[in-house]
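Note sheet for the following structure.
So that the names make sense, note that chain A is the first sequence line, chain B the second, and so on, each numbered from 1.
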Protein chains: 2
Amino acid sequence: MGKGLPKRSEDYSQWYNELVKKADLAEHSAVRGCMVIKPYGFSIWEKMQAALDKMFKDTGHTNAYFPLFVPKSYLSKEADHVEGFAKECAVVTHYRLKNAEDGSGVVVDPEAKLEEELIVRPTSETVIWNTYKNWIQSYRDLPLLINQWANVVRWEMRTRLFLRTAEFLWQEGHTAHATKQEAIDETLQMLNVYAEFAEKHMAMPVHKGVKTESERFPGALDTYCIEALMQDGKALQAGTSHFLGQNFAKAFDVKFADKEGKLDLVWGTSWGVSTRLMGALIMAHSDDDGLVLPPKLAPIQVVIVPIFRNEEQLKAISEVVDRIQDELKALDISVKFDTRDTNSPGWKFAEYELKGVPIRMAIGPRDLEKGTIEVARRDTKEKEVVAVDGVVKKVQDLLEDIQKNIYNKAMIFRENNTTSVDTYEEFKSVLDSKGGFILAHWDGTPETEEKIKEETKATIRCIPVGAVEESGKCIYSGKPSERRVLFARAY
Amino acid sequence: MGKGLPKRSEDYSQWYNELVKKADLAEHSAVRGCMVIKPYGFSIWEKMQAALDKMFKDTGHTNAYFPLFVPKSYLSKEADHVEGFAKECAVVTHYRLKNAEDGSGVVVDPEAKLEEELIVRPTSETVIWNTYKNWIQSYRDLPLLINQWANVVRWEMRTRLFLRTAEFLWQEGHTAHATKQEAIDETLQMLNVYAEFAEKHMAMPVHKGVKTESERFPGALDTYCIEALMQDGKALQAGTSHFLGQNFAKAFDVKFADKEGKLDLVWGTSWGVSTRLMGALIMAHSDDDGLVLPPKLAPIQVVIVPIFRNEEQLKAISEVVDRIQDELKALDISVKFDTRDTNSPGWKFAEYELKGVPIRMAIGPRDLEKGTIEVARRDTKEKEVVAVDGVVKKVQDLLEDIQKNIYNKAMIFRENNTTSVDTYEEFKSVLDSKGGFILAHWDGTPETEEKIKEETKATIRCIPVGAVEESGKCIYSGKPSERRVLFARAY
């Protein structure tokens with residue numbers, strides 16, 4: 001439609017990059033690896049935040065805020081954790097600048113060197129467990145169910161908007177429990193919350209599963225994840241929930257007295273989703289003409305474009321539209337009436353298509369005469385002329401239908417792009433021809449996993465939760481296996 | 001009430017520190033100067049955010065997100081700006097740690113030194129105007145009305161919870177306009193939004209005014225502020241709105257083509273409030289027994305404490321309370337029913353008093369017989385026994401009344417602690433006896449302002465907006481003055 005997006009079939013990666021920019025979602029900043037989230041993109045993120053925040057609160061969590069900085073020594077207290085994050089972190093070493101003596105501007109003041117370097121948080125387990133030590137004395141203080149919305153920094157060398165950036169926004173839940181079972185239940189509860197959010201709000205089907213040892217969060221005993229499939233056949237990890245065991249309690253000496261007064265280490269979980277979800281949302285549904293947004297996350301759910309040649313016509317149209325707008329707003333449906341005379345209706349149609357507005361209505365003088373209005377849906381591009389009298393009900397129904405349809409379409413795509421294979425040859429052939437998820441037997445060793453990754457770039461996305469037991473042979477080693485695992489090339 | 005707060009009259013500063021900790025609002029973290037905002041404190045901040053965010057959106061602003069890091073060279077582009085912030089900033093110099101060769105843990109990897117140091121944002125004008133340069137070409141791109149909720153860092157040496165911390169949370173609005181007048185109007189509009197928020201939500205009367213040159217935001221042409229009075233007679237700056245003129249447009253070369261195609265520099269504003277408001281809220285209203293929260297910002301507006309000796313009694317009470325709770329929730333009134341048997345009613349009364357819950361209800365077996373319930377308000381501590389049938393209406397009325405009463409009390413306090421003086425002797429005597437706001441004539445020079453500050457620690461809080469013209473003599477120099485300005489010792 002003249003917005004000049006590359007076609008997905010020709011260059012998926014370039015299509016994504018251009019779409020993110022042209023739909024005003026985000027852009028690279030002048031600060032290496034950091035992005036600017038633009039107002040339109042941020043308003044989608046705000047809708048995600050609101051829905052997730054409500055789900056967290058409905059499951060008993062409260063928000064709090066912990067410091068941006070992690071003292072270097074904290075990071076080191078959990079061995080796997082420091083190993084996982086030390087190689088890509090921003091380090092604060094000084095707390096002052098001063099004027100250069102040669103007048104060339106400001107330079108770091110060597111006299112303002114910190115005694116201990118501070119790391120800009122890549123995640124907050126260490127700072128939070130160091131705080132929990134003081135908050136937890138007895139079983140009465142448990143469970144502690146806290147979430148934080150925050151920015152984090154991981155010094156990525158190769159970045160892509162939303163998918164991988166040095167700074168990103170996320171939420172991180174950190175909970176503490178008296179028993180192992182309670183902590184495992186919490187880990188799985190939050191995995192389910194994420195899956196429900198992905199499916200009901202983002203209209204994006206996901207597989208729930210557990211990561212293999214090599215893909216675990218540094219410091220966790222088990223990492224659960226939700227995995228979604230993008231339109232180019234690559235998988236995307238959309239959220240993780242970690243069972244931390246007593247690792248961080250041990251590292252920070254967090255103990256509680258049970259009812260009998262006996263001291264024991266606390267059990268922990270942590271779980272997070274980030275602005276990466278924006279990338280998933282874009283890639284799961286959008287098409288060559290632009291974004292396709294599920295109504296539940298669309299900042300503008302309905303746009304109304306008037307077709308007019310003069311002020312008088314616009315005035316007559318506005319009278320009808322104002323009534324429609326009032327009724328829609330009363331139903332909490334967000335609506336925009338674009339009366340600008342600086343752009344043509346055709347330009348506006350393309351613009352709102354690019355921006356993924358689920359429903360577009362158009363109304364001109366002839367519609368006024370007939371009492372009608374044109375209604376077009378973004379997902380299927382179907383158009384229909386309906387009576388103004390029934391349009392509000394029509395919109396309500398359509399929004400529900402679009403939400404479902406987008407989900408179903410993604411589900412059918414996933415089904416069509418999930419293949420069970422029994423040989424390594426077949427595995428490689430499917431990977432190279434269509435990609436997608438591949439269910440295959442694996443012998444359970446990190447060595448085989450690593451070999452397959454090296455040779456094909458495919459990784460084990462997860463061992464699906466509730467996978468059926470099925471005896472078989474590892475596609476690589478031929479050794480026995482009890483269940484199929486989910487492979488894919490991934491973002 | 002046994003919670004062991006120091007009395008305000010004996011040690012106001014200690015009272016504040018203890019209250020912040022005991023009411024579970026915030027605490028110092030192990031990271032120097034950074035605070036942990038605890039769940040109860042954060043839930044008050046969330047209420048503030050929600051109300052402010054709505055006011056920003058209602059006045060046409062949208063949210064976005066800009067990078068945490070500011071390249072050192074950006075800070076230097078506006079001369080006053082770098083002068084103001086370079087002395088207290090966290091500097092990122094490296095992007096990786098590595099294992100120490102002697103096995104002593106992790107150390108900064110000298111090979112991962114950044115080419116240009118990054119400053120953790122103390123405020124975002126430079127990063128944002130550098131972005132606006134690409135967003136603004138024509139008058140059609142203006143006005144640009146953007147807000148960001150973010151964390152910022154200013155390396156303060158002496159910190160106090162909420163009032164002055166190295167890291168704090170805030171919002172920063174950054175707008176760009178085609179004309180000077182529009183930018184000035186925006187500056188004043190946001191000043192009014194802040195004042196309305198302070199008065200209607202925080203129940204805290206404020207003076208609106210403009211700062212003197214020496215107190216201006218670094219890089220602004222004019223800084224407007226709202227100033228509130230705390231119970232110890234000290235003033236607190238609660239929000240600022242800056243008219244930036246074309247300073248940042250100049251520094252970052254942000255020009256737009258007007259309707260005739262002529263290029264001109266853009267006009268700017270910025271405005272912010274921070275978690276400092278939490279400090280203001282606490283100090284404006286609370287008493288020796290704990291927090292006093294205005295109903296509009298109270299996370300729990302009503303608490304119901306059952307008086308019971310056994311499960312049977314609790315069950316009977318619960319039946320009545322459940323009905324009351326349902327009705328209150330339907331009216332969007334947040335209510336908590338504290339049925340714990342681990343703590344006595346008296347302990348709970350003291351706890352919710354400390355936490356500032358506006359209304360506390362208590363109900364026991366005798367009330368059940370009589371169909372009554374006890375209702376106590378936190379602000380005046382008045383208690384009343386009312387019929388259960390009418391209690392929901394009673395609560396609605398009381399919440400409104402408490403909101404008004406807290407405001408009126410603060411207003412009367414401010415009136416009783418605002419003094420007009422005409423001599424320097426009187427000025428010093430009022431400052432030392434009761435403090436508060438002092439209205440006095442000033443000759444308009446920075447020299448006099450500085451001398452008064454040096455000698456008395458009082459500063460000019462602002463030149464009140466709409467101050468009546470009145471000829472007089474400067475209390476310090478005796479030189480002529482046209483209006484009184486507002487002095488106080490301040491936080």
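- A distance of 9.5 Å separates CD1 of B:Ile37 from CD of A:Gln148, quoted to the nearest 0.5 Å.
- Proximity to chain A is limited to the side chain of B:Ile119, based on heavy atoms less than 4.5 angstrom apart.
- Under the 4.5 Å side-chain criterion, counting only non-hydrogen atoms from C-beta, A:Val92 is not in contact with B:Val153.
- The distance from atom CG of A:Leu97 to atom CG of B:Leu75, rounded to the nearest 0.5 Å, is 7.0 Å.
- Considering every non-hydrogen atom in both B:Asn151 and A:Arg121, the closest pair reads ND2-NH2, 3.5 Å.
- For A:Asn130, the part lying under 4.5 angstrom from a heavy atom of chain B is the side chain only.
- Counting heavy atoms from C-beta on, the side chains of B:Ile146 and A:Pro39 come closer than 4.5 Å.
- Side-chain contact check for B:Leu118 versus A:Arg32: every heavy-atom pair is 4.5 Å or farther apart.
- Both the backbone and the side chain of B:Val106 come within contact range of chain A, with heavy atoms under 4.5 Å apart.
- The residue among A:Cys89, A:Ala90, A:Gly105, A:Pro71 with the most heavy atom pairs within less than 4.5 Å of chain B is A:Cys89.
- Using a 4.5 Å cut-off between heavy atoms, A:Glu27 contacts chain B through its side chain alone, with no backbone atom that close.
- Looking at A:Trp135, only its side chain comes within 4.5 Å of chain B, counting heavy atoms on both sides.
- Chain B forms more heavy-atom pairs under 4.5 Å with one residue of A:Ala30, A:Gly41, A:Ala26 than with any other, namely A:Ala30.
- For A:Lys98, no part lies under 4.5 angstrom from a heavy atom of chain B.
- A:Ser43 is not listed as a side-chain neighbour of B:Thr62, based on a closest heavy-atom distance of 4.5 Å or more.
- A:Leu169 touches chain B through its side chain: at least one heavy atom from C-beta onward sits under 4.5 Å away, while N, CA, C and O do not.
- In terms of non-hydrogen atom pairs under 4.5 Å with chain A, the most contact-rich of B:Pro67, B:Ala150, B:Cys34, B:Ala112 is B:Pro67.
- In this structure, chain B has a heavy atom under 4.5 Å from the side chain of A:Ser76, while its backbone stays farther away.
- For chain B, the nearby parts of A:Val36 are the backbone and the side chain; heavy atoms of each come within less than 4.5 Å.
- In this structure, the portion of A:Glu88 lying under 4.5 Å from any heavy atom of chain B is its backbone and not its side chain.
- In this structure, B:Phe42 and A:Tyr65 have parallel ring planes: the angle between them is below the 30° cut-off, well short of the 60° mark.
- With a 4.5 angstrom heavy-atom cutoff, A:Asp53 touches chain B only via side-chain atoms.
- No more than 12 heavy-atom neighbours from other residues, nucleotides or ligands sit within 6.0 angstrom of CZ on B:Arg140.
- Within the 4.5 Å cutoff, the side chain of B:Leu68 has heavy atoms near those of the A:Val120 side chain.
- Atoms CZ and CE, on B:Phe66 and A:Met35 in that order, are 12.5 Å from each other to the nearest 0.5 Å.
- Contact count against chain A (heavy-atom pairs under 4.5 Å) is highest for B:Asn63 among B:Asn63, B:Asn134, B:Thr93.
- At a threshold of 4.5 Å between non-hydrogen side-chain atoms, the residues B:Thr131 and A:Ser29 do not count as touching.
- Rounding to the nearest 0.5 Å gives a distance of 6.0 Å between CD of A:Glu83 and CG of B:Asn99.
- When heavy atoms are compared at a cutoff of 4.5 Å, A:Tyr74 approaches chain B solely by way of its side chain, counted from C-beta outward.
- Using bins of under 30°, 30° to 60° and over 60° for the plane-to-plane angle, the ring pair A:Trp155/B:Tyr95 lands in the parallel bin.
- Between B:Glu46 and A:Lys57 there is a salt bridge, with a side-chain nitrogen of the basic residue lying less than 4.0 Å from a carboxylate oxygen of the acidic one.
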